[in-house]
Amino acid sequence: MSQIAVIGAGLMGHGIALTFARAGHNVTVTDPVAEMLGSCPERIAQSLGLLGASEADIAAALQRVTLAADLADAVAQADVVFEAAPEKLELKQKIFAEVEAHAPADAILASNTSVIQISKIMGGLSGRHRAMGTHWWNPPHMIPLVEVVKTEWTDPALAQQMFDLLDHAGKTPAMVEKDVPGFIGNRLQHALWREAISLVENGICDAETVDNVVKASFGRRLAVLGPLENADLVGLELTQDIHRQVLFDLETSKDPSPYLQQMRDAGRSGMAAGAGLRDWKAGDLDATKARVAEHLTKLEEILPK
């Protein structure tokens, strides 16, 4: 059993905390916003309930969660520290400088970030050998994957300890050997998003059609057949032939599409605003979140472990 510290009690932080508490570890959570910190146990209980946990299991998990108003107190006895603060580089750097000053000298330090290179976050630490990234996916208690990201300074043995800790907690860890922006999953995801936005921007189809095509075709098999499995399945000769006919015409811009800024300038900032790349109505945001949660729960029941 490890002593876990989680910095940040929001959506990501509470999900990380409940994952380890449910796996039998003691977890201390801290957050600078008192209201966010105070509501963490209630949100953990709600999330565990959505996962089908019994009242007894929920109570047992909550007994392993401690709240700390001060970061120094939260990390003082930690074996592993997970930072789940907003995606702001300077904020994360500041947090880890404070963590290093108060956590045990042998504690493993991990940043949860979607795209920021871990070396930029951890480069100022004196103990860079024990620092790494752990990219949890949203919602962290429902998506199995956690990417363990090594920097040039990370001790491979400590990265493996993190890998094993996550594995024993029921996650699906993936070792990222080089610290590149976006790691593995987000590089793949946003390559798809770039092409999807380009299709709409260039009048090939509308946004709803893009979503329908993905959900009614290759999206259905992605959970059980990865892209490189699929390439081997159809054969590399066919893969080469297809690439010769299509890759030259795909979007290759290195900058965000200007179409996104056009949407924002028009007040179309996303689902919460009622419009983004698509039009939305009242209630769609909550309904979409509930639909995704139900789908992920069902996948856990049918997919092989």
Side-chain angles (χ1 to χ4, degrees), residues 1-104 107-114 121 134-143 146 165-166 169-171 271-272 285-286 288-290 292-293 296-297:
M1 181 177 69
S2 297
Q3 178 65 45
I4 308 293
V6 179
I7 302 171
L11 176 60
M12 301 304 293
H14 99 282
I16 294 171
L18 78 82
T19 297
F20 286 111
R22 195 181 192 191
H25 300 282
N26 291 324
V27 183
T28 302
V29 183
T30 187
D31 195 291
V33 180
E35 182 179 358
M36 183 68 72
L37 182 61
S39 66
C40 186
E42 178 183 356
R43 288 181 286 113
I44 286 176
Q46 290 174 345
S47 295
L48 285 170
L50 290 174
L51 291 173
S54 67
E55 290 187 8
D57 287 340
I58 293 173
L62 289 176
Q63 287 181 346
R64 301 186 188 101
V65 177
T66 301
L67 305 183
D70 296 324
L71 183 147
D73 292 337
V75 305
Q77 304 298 322
D79 298 309
V80 184
V81 179
F82 292 93
E83 166 268 316
E87 289 282 276
K88 299 181 185 298
L89 176 59
E90 291 184 359
L91 173 61
K92 290 179 182 288
Q93 291 171 333
K94 180 180 178 181
I95 287 172
F96 277 105
E98 188 174 355
V99 169
E100 188 170 47
H102 296 287
I108 297 176
L109 311 182
S111 176
N112 174 58
T113 173
S114 299
I121 297 171
T134 50
H135 175 214
W136 299 64
W137 288 68
N138 182 19
H141 49 288
M142 302 186 79
I143 301 291
V146 181
L165 175 68
L166 292 163
K171 306 308 290 183
M271 196 177 291
L285 180 60
D286 289 339
T288 300
K289 290 180 178 178
V292 171
L296 292 174
T297 301

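These numbers come from a predicted model, not from an experiment.
Contact annotation: the side chain of T28 never approaches that of D73 to less than 4.5 Å [non-hydrogen atoms, C-beta and beyond]. Side chains of H135 and S114 form a contact here, defined as non-hydrogen atoms less than 4.5 Å apart. At a threshold of 4.5 Å between non-hydrogen side-chain atoms, the residues L89 and I121 count as touching. Annotation: side chain of P41 is in contact with side chain of L67 (closest heavy-atom distance under 4.5 Å). Using a 4.5 Å cut-off on side-chain heavy atoms (C-beta onward), R64 and V27 make no contact. Contact annotation: the side chain of V29 never approaches that of H14 to less than 4.5 Å [non-hydrogen atoms, C-beta and beyond]. The shortest distance between side-chain heavy atoms of E83 and V99 does not fall below 4.5 Å. Side-chain contact between D57 and L48 is absent, with no heavy-atom pair separated by less than 4.5 Å.
Expressed to the nearest 0.5 Å, how far CZ of F82 lies from CH2 of W136 amounts to 5.5 Å. With rounding to the nearest 0.5 Å, the separation of NE2 in H141 from NZ in K171 is 8.5 Å. Distance check: L50 CG to L296 CG gives 11.5 Å after rounding to the nearest 0.5 Å. With rounding to the nearest 0.5 angstrom, the CG atom of L18 is 8.5 Å from the SG atom of C40. The CD1 atom of I95 lies 12.5 Å from the CG atom of L109; values are rounded to the nearest 0.5 Å. Taking CD from Q93 and NZ from K88, the interatomic distance works out to 13.5 Å, rounded to the nearest 0.5 Å.
Closest approach of T113 to K92, counting heavy atoms only: CB-CE, 4.2 Å. Taking both residues in full, the closest heavy atoms of V65 and A21 are given as CG2-CB, 3.7 Å, listed atom of the first, atom of the second, then distance. In this structure, A110 and T134 approach most closely via the heavy-atom pair CB-OG1, 3.5 Å. Across all non-hydrogen atoms, the minimal contact from I58 to G49 is CD1-N, 3.9 Å. Nearest approach of A78 to A5, heavy atoms of both residues: CB-CB, 3.8 Å. Closest approach of P140 and G15 over heavy atoms only: CG-CA, 3.7 Å.
Around atom CD of Q77, no more than 12 heavy atoms belonging to other residues, nucleotides or ligands sit under 6.0 Å away.
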Derivation and outcome, side-chain contact (heavy atoms from CB on, under 4.5 Å), residues H102 and D70: CA-CA 11 Å; H102 296 287; D70 296 324; over 6 Å; no

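The closest donor-acceptor contact from the side chain of R43 to the backbone of M36 lies under 3.5 Å. No side-chain donor-acceptor contact under 3.5 Å links N26 to the backbone of Q3.
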